[in-house]
Amino acid sequence: MTNFLSLADVTDLDALIQSGLDAKANPFASQHLGKNKTIGLIFFNSSLRTRLSTQKAAQNLGMNVMIMNVGQDSWGLEMEEGVLMNGDKAEHIREAAAVIGRYCNIIGIRAFAELQDRDKDYREQVMHQFAKYARVPIVNLESATRHPLQSLADCITIEEVRRADVSLPKRPKVVLTWLPHFKPLPQAVGNSFSEWMNARAQAGQIEFVITHPEGYELATEFAGTAPVIYNQQEAFDGADFIYGKNWSSYTQYGQVLTQDPSWAVTMEHMNRTNNGKFMHCLPVRRNLKVSDAVLDSPQSLVIEQAANREWSAQAVLKEILTSL
Ligand code: CP
């Protein structure tokens, strides 16, 4: 693996999931791989889990870690080519990425969608500019359109539950549900989860269903062939895993079309499932998107999911280090 920008960079998903589970069972087995190697974690946006879990995973592999918040710790970075730099951005990505690439063997980047210009966001300019000019492997720590480290942790979490619960069907039903929110949020987590679950469904591992109000359709490249059910209650029937996430509209780009509170997940919703598990990438606004009762119930996997971020990052970094 040279870069980890999306599922397309994964050659064997089953093996990568198993590598994450192996890392969880034996975190320091590959410590020699990262000796005298450095990872730079570059954040254009806030983070709790991604920052700490990726740092921990790199340390488990023996790596040195440097972290930088762009615009706070560093100069603001200009991404456009050929522009007159007379604005508030003091440094161009050409120099910044090239310099960081001299200090680091691997660079992780977090850069969210701005939700102003769909074409610009979906071009993934920040990731591609870093990949072009840094000349070292790039890891996506959540980009404008994807959050693959989260999706890998979600796959690891589902696989763990599958192995532990023999009563689950051979192909558990996984439902991605839109949740209400007053702020426009990117589609990255929903996109990525759909992309990875569609791959799991195609491999015969799960059944995958998406539910959201009309107007919240994800881009076709991410929704794939998954059935979209606009009736949330119907979608929840018999589900083994409920994955909740808010996203703003893709078609009416960045708009909040509804805040319908009936889409927030409560125990009443969960009672329609097959004693299903509740998943969310976090952070989550309690009682706006999902009730206290669900989050605090044994059905909630949110803490285990977040814990598994360490092992998803470790599996990816291990594969990249092996190829250096
Ligand atoms: N799920 C996730 O990426 O969390 P952070 O935004 O806190 O990193």
Side-chain angles (χ1 to χ4, degrees), residues 1-9 38-51 54-55 65-151 183-192 195 218-219 221-222 247-255 313 316-317 320:
M1 186 186 285
T2 43
N3 291 316
F4 182 70
L5 300 179
S6 77
L7 180 62
D9 294 311
T38 298
I39 185 168
L41 303 178
I42 312 296
F43 287 87
F44 287 78
N45 312 97
S46 303
S47 168
L48 186 155
R49 280 145 289 274
T50 305
R51 174 182 294 240
T54 311
Q55 184 172 2
V65 183
M66 298 194 294
I67 300 181
M68 192 174 76
N69 299 303
V70 175
Q72 296 170 41
D73 304 338
S74 76
W75 309 107
L77 297 184
E78 176 61 58
M79 295 290 159
E80 297 296 335
E81 304 285 1
V83 290
L84 173 65
M85 286 177 58
N86 61 354
D88 59 351
K89 310 275 175 57
E91 179 152 21
H92 200 275
I93 186 66
R94 282 179 176 242
E95 286 79 43
V99 169
I100 297 168
R102 295 293 184 95
Y103 302 147
C104 299
N105 304 95
I106 301 174
I107 302 174
I109 313 283
R110 166 164 284 199
F112 289 172
E114 293 173 353
L115 297 177
Q116 302 299 316
D117 177 338
R118 187 171 82 179
D119 289 343
K120 185 175 174 213
D121 285 342
Y122 275 67
R123 268 202 307 274
E124 293 284 17
Q125 185 187 45
V126 178
M127 290 293 145
H128 291 310
Q129 291 290 66
F130 266 99
K132 186 171 172 186
Y133 294 119
R135 294 169 177 266
V136 296
I138 301 295
V139 176
N140 183 340
L141 303 179
E142 187 173 344
S143 65
T145 67
R146 289 177 168 95
H147 196 356
L149 281 178
Q150 180 65 53
S151 303
K183 269 176 65 178
L185 298 185
Q187 294 102 34
V189 171
N191 281 345
S192 219
E195 185 170 49
L218 296 170
E221 64 179 298
F222 296 107
W247 61 87
S248 58
S249 176
Y250 171 75
T251 49
Q252 293 170 256
Y253 194 62
Q255 300 296 305
V316 167
L317 294 181
I320 292 174

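Applying side-chain contact (heavy atoms from CB on, under 4.5 Å) to Ser6 and the options Arg146, Glu124, His147 leaves one that passes, Arg146.
Ring centroids of Phe112 and Phe43 are separated by 6.0 Å or more, keeping the two rings apart.
Contact record, Pro186 with Ala144: CB-O, 4.5 Å, taken as the closest heavy-atom pair. For the pair Tyr253 and Gln116, the tightest heavy-atom approach, listed with the atom from each and the gap, is CE2-N, 4.2 Å. Shown here for Glu142 and Ala188, the closest heavy-atom pair between the two residues is OE2-CB, 3.7 Å. Closest approach of Ile107 to Ile109, counting heavy atoms only: CG2-CD1, 3.4 Å. Across every non-hydrogen atom of Leu149 and Ala313, the tightest pair is CD2-CA, 3.8 Å. The shortest heavy-atom contact between Asn3 and Ile138 is OD1-N, 2.8 Å.
Rounded to the nearest 0.5 angstrom, Ile320 CD1 and Phe4 CZ are separated by 8.0 Å. Between the CG atom in Leu141 and the CD1 atom in Ile42 there is a gap of 9.0 Å [rounded to 0.5 Å]. Atom CD of Gln255 sits about 7.5 Å away from atom OG of Ser249, to the nearest 0.5 Å. Note that OG1 of Thr54 is 11.5 Å distant from CZ of Arg49, once rounded to the nearest 0.5 Å. To the nearest 0.5 Å, atoms CE (Met85) and CD (Glu80) are separated by 11.5 Å.
Using a 4.5 Å heavy-atom threshold, the side chains of Val126 and Phe44 count as touching. Looking only at side-chain heavy atoms (C-beta outward), Val99 and Arg102 stay at 4.5 Å or farther from each other. Under the 4.5 Å side-chain criterion, counting only non-hydrogen atoms from C-beta, Thr38 is in contact with Cys104.
Here the side chain of Asn191 pairs no donor or acceptor atom with the backbone of Phe222 at under 3.5 angstrom. Side chain of Ser74 to backbone of Gly71: a donor-acceptor contact under 3.5 angstrom is found.
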Please report, to 0.1 Å, the donor-acceptor pairs under 3.5 Å made by any side chain of residues 128-135, with sequence neighbours excluded.
{"residue": "Gln129", "atom": "NE2", "partner": "Met79", "partner atom": "O", "Å": "2.9"}
{"residue": "Gln129", "atom": "NE2", "partner": "Glu81", "partner atom": "OE2", "Å": "2.9"}
{"residue": "Tyr133", "atom": "OH", "partner": "Glu81", "partner atom": "OE2", "Å": "2.7"}
{"residue": "Tyr133", "atom": "OH", "partner": "Arg94", "partner atom": "NE", "Å": "3.3"}
{"residue": "Tyr133", "atom": "OH", "partner": "Arg94", "partner atom": "NH2", "Å": "3.3"}

Check your understanding: Where do Met127 and Asn140 land on the side chain to side chain contact (heavy atoms under 4.5 Å, CB included) test, with the steps shown first?
Key -> CA-CA 7 Å; Met127 290 293 145; Asn140 183 340; 4.0 Å; yes
Review point. What's the verdict on side chain to side chain contact (heavy atoms under 4.5 Å, CB included) for Glu91 and Glu78, showing C-alpha distance, side-chain angles and the deciding distance?
Key: CA-CA 6 Å; Glu91 179 152 21; Glu78 176 61 58; over 6 Å; no
Review point. Are Leu115 and Ser248 close enough, and set up right, to give a side chain to side chain contact (heavy atoms under 4.5 Å, CB included), and what steps lead you there?
Key: CA-CA 9 Å; Leu115 297 177; Ser248 58; 3.8 Å; yes
Exercise for review: Could you go through the side chain to side chain contact (heavy atoms under 4.5 Å, CB included) check for Gln55 and Ile67 one step at a time?
Suggested key: CA-CA 9 Å; Gln55 184 172 2; Ile67 300 181; 3.3 Å; yes
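Side chains of Tyr122 and Gln187: a donor-acceptor N/O pair is present below 3.5 angstrom, by distance only. Side-chain atoms of Asn69 and Arg51 include a donor-acceptor pair closer than 3.5 Å.
In this structure, Arg118 is positioned above the aromatic face of Tyr250, its NZ or CZ under 6.0 Å from the six-membered ring centre and within 45° of the axis.
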